[in-house]
Amino acid sequence: MTQPVSPPRDSRTDKVPQAQPPAWRGLMARADVRTLSLLGVLAALILVGGITKPDEFLDTRNLQLVLTQASVVGVVTVGMTFVIISGGIDLSVGAIVALASVWATTVATQEYGFAGILFTALIVGVGCGLVNGVLIAYGAMVPFIATLAMLASARGLALQITDGKTQIVTVPSVLDLGERDAYILGIPPLVLVFAVVTVIGWLVLNRTTFGRRTVAVGGNPEAARLAGIDVRRQRLYLYLLSGLCCGIAAFLLIVLSGSGQNTNGNLYELDAIAAAIIGGTLLTGGRGTITGSVLGVLIFFTITNIFALNNLQSDVQQIAKGAIIVAAVLVQRRTASTT
């Protein structure tokens, strides 16, 4: 009759060693803490706005305005989050938004109506993302250099198309989306698009193989390659995704402003990167959340709105944003050193 095998014992303590909790539980716990912290910061800002300018800040139209303005940058930030998680960077998103918006609002494009404007904005964004992806993934160019070149080229082409002039949209079906009559249950259509992009981005990052591959490539590209992941193809797809988000943002900006300008998307790249960092995305890659990035966008635009309502200068706003970015990076470094 066989005797039951007793569990291994620790010779120093003569106790049965306890099983260690899975590593993913610790990551989820830290992610929850970051999310709750960001929600706390956003709640505190809303409280400050409600105290300093209660009538203006808490007005429904003002809150709708904040969400609408955040939606454009927010869509760009979703794409940027994927790129940064993979260990890359995209400095050209603002210029791509500008190029897509002016190309989609030329007289020739507007002749095709709503579908023509939307299709052009999307295809220009994806095309620019394709160029970035090919240069970085298959041309072995550093993402900083490749996207910086795209930034300069896209801005120059946008200026050439417009000749420095504003292109007015004359398609009623596009302009109507920005009117209050188009709101659904009091929510602007642009905000709904942002919400849909956010949900899809979250699902792709957290519930698909594509998301797991993105994190793997950002964490350790060589280990990802040895695990059978086509790192170059994954990076190409990520810059295509970023370009697609820029195309969507360009269309939203066209609806919001009713025009296309070569100055559109100015500093969007900085806002998107900053929002992702504040949301907990590591610049070195391998970690990040869509939820955190979206909260980062909302925090930025809430601060901007509060400052504007209190008649504070734009330079003060930029200083405050810079301080927030520095604080977020320092927190990231401290968190990384303790894990």
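The two atoms that bring Glu269 and Ala95 nearest to each other are OE1-N, 4.5 Å, heavy atoms only. Counting all heavy atoms, side chain and backbone alike, Gln167 lies closest to Val102 at NE2-O, 2.8 Å. Taking every heavy atom of both residues into account, Ala250 and Ala121 meet most closely at CB-CB, 4.5 Å. Val174 and Ile254 get closest at one heavy-atom pair: CG1-CG2, 4.1 Å. Closest non-hydrogen pair, Leu298 versus Ala70, comes out as CD2-CB, 4.2 Å. Between Pro189 and Tyr183 the shortest heavy-atom distance is CD-CD1, 3.8 Å.
Residues Asp176 and Asp181 have side chains not in contact (no heavy-atom distance under 4.5 Å, counting atoms from C-beta outward). Contact annotation: the side chain of Leu67 never approaches that of Phe194 to less than 4.5 Å [non-hydrogen atoms, C-beta and beyond]. Taking the side chain as every heavy atom from C-beta outward, Leu205 and Ile85 approach each other to under 4.5 Å. A heavy-atom distance below 4.5 Å is found between the side chains of Leu39 and Thr35. With contacts defined as side-chain heavy-atom distances shorter than 4.5 Å, the pair Val97/Cys246 qualifies. Between Leu99 and Ile161, some side-chain heavy-atom pair lies under the 4.5 Å cut-off. Leu135 places none of its side-chain heavy atoms less than 4.5 Å from the side chain of Tyr239. Here the side chains of Thr147 and Val93 are not in contact, with every heavy-atom distance at 4.5 Å or above.
Using cut-offs of 30° and 60° on the angle between ring planes, the pair Phe114 and Phe251 is perpendicular.
Note that CD of Glu179 and CG of Leu177 are 9.5 Å apart. Values are rounded to the nearest 0.5 Å. Rounded to the nearest 0.5 angstrom, Asn310 CG and Phe57 CZ are separated by 10.0 Å. With values rounded to the nearest 0.5 angstrom, Met150 atom CE is found 4.5 Å from Cys128 atom SG. Summarising the geometry, atom OG belonging to Ser71 is positioned 6.0 Å from atom CG belonging to Leu190; distances are rounded to the nearest 0.5 Å. Taking CD of Glu56 as the start and CG of Asn62 as the end, the distance is 8.5 Å to the nearest 0.5 Å. Gln64 contributes atom CD, which lies 8.5 Å from atom CG of Asp59 (distance to the nearest 0.5 angstrom).
Cluster membership check: Phe301 does not share its hydrophobic cluster with Leu270, using side-chain heavy-atom separations under 4.5 Å among Ile, Leu, Val, Met, Phe, Trp and Tyr. If you chain together hydrophobic residues whose side chains sit under 4.5 Å apart, Val72 and Ile248 fall into the same group. Hydrophobic clustering (ILVMFWY, side-chain heavy atoms < 4.5 Å, transitive): Val204 and Ile84 are in one cluster. When hydrophobic clusters are built by joining Ile, Leu, Val, Met, Phe, Trp and Tyr residues whose side-chain heavy atoms come closer than 4.5 Å, directly or via intermediates, Tyr138 is grouped together with Leu238. Ile299 and Ile319 fall into different hydrophobic clusters, where Ile, Leu, Val, Met, Phe, Trp and Tyr side chains are chained together by heavy-atom contacts under 4.5 Å.
When only modelled atom types and interatomic distance are considered, Asn132 and Ser242 share no side-chain donor-acceptor pair under 3.5 Å. Gln234 and Thr214 form a side-chain donor-acceptor contact under 3.5 Å, judged by distance and modelled atom types alone.
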Q: Go through the steps for Tyr237 and Phe82 under the test side-chain contact (heavy atoms from CB on, under 4.5 Å), then give the verdict.
A: CA-CA 10 Å; Tyr237 289 161; Phe82 276 90; over 6 Å; no
Q: Dump the intermediate steps for side-chain contact (heavy atoms from CB on, under 4.5 Å) on Phe300 and Thr77, then the final yes or no.
A: CA-CA 12 Å; Phe300 262 171; Thr77 302; over 6 Å; no
Q | Check against side-chain contact (heavy atoms from CB on, under 4.5 Å), Ile290 and Thr198 | A | CA-CA 7 Å; Ile290 298 297; Thr198 298; 4.0 Å; yes
Q: Determine, step by step, whether Leu309 and Thr52 satisfy the side-chain contact (heavy atoms from CB on, under 4.5 Å) criterion, reporting the C-alpha distance in whole Å, the side-chain angles of both residues, the deciding distance to 0.1 Å, and the verdict.
A: CA-CA 9 Å; Leu309 291 177; Thr52 57; over 6 Å; no
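Just one residue in the list Asn262, Asn264, Thr120, Thr162 forms a side-chain hydrogen bond (donor to acceptor under 3.5 Å, both in side chains) with Ser101, and that residue is Asn264.
The environment of CZ in Arg61 is sparse: at most 12 heavy-atom neighbours from other residues, nucleotides or ligands sit within 6.0 Å.
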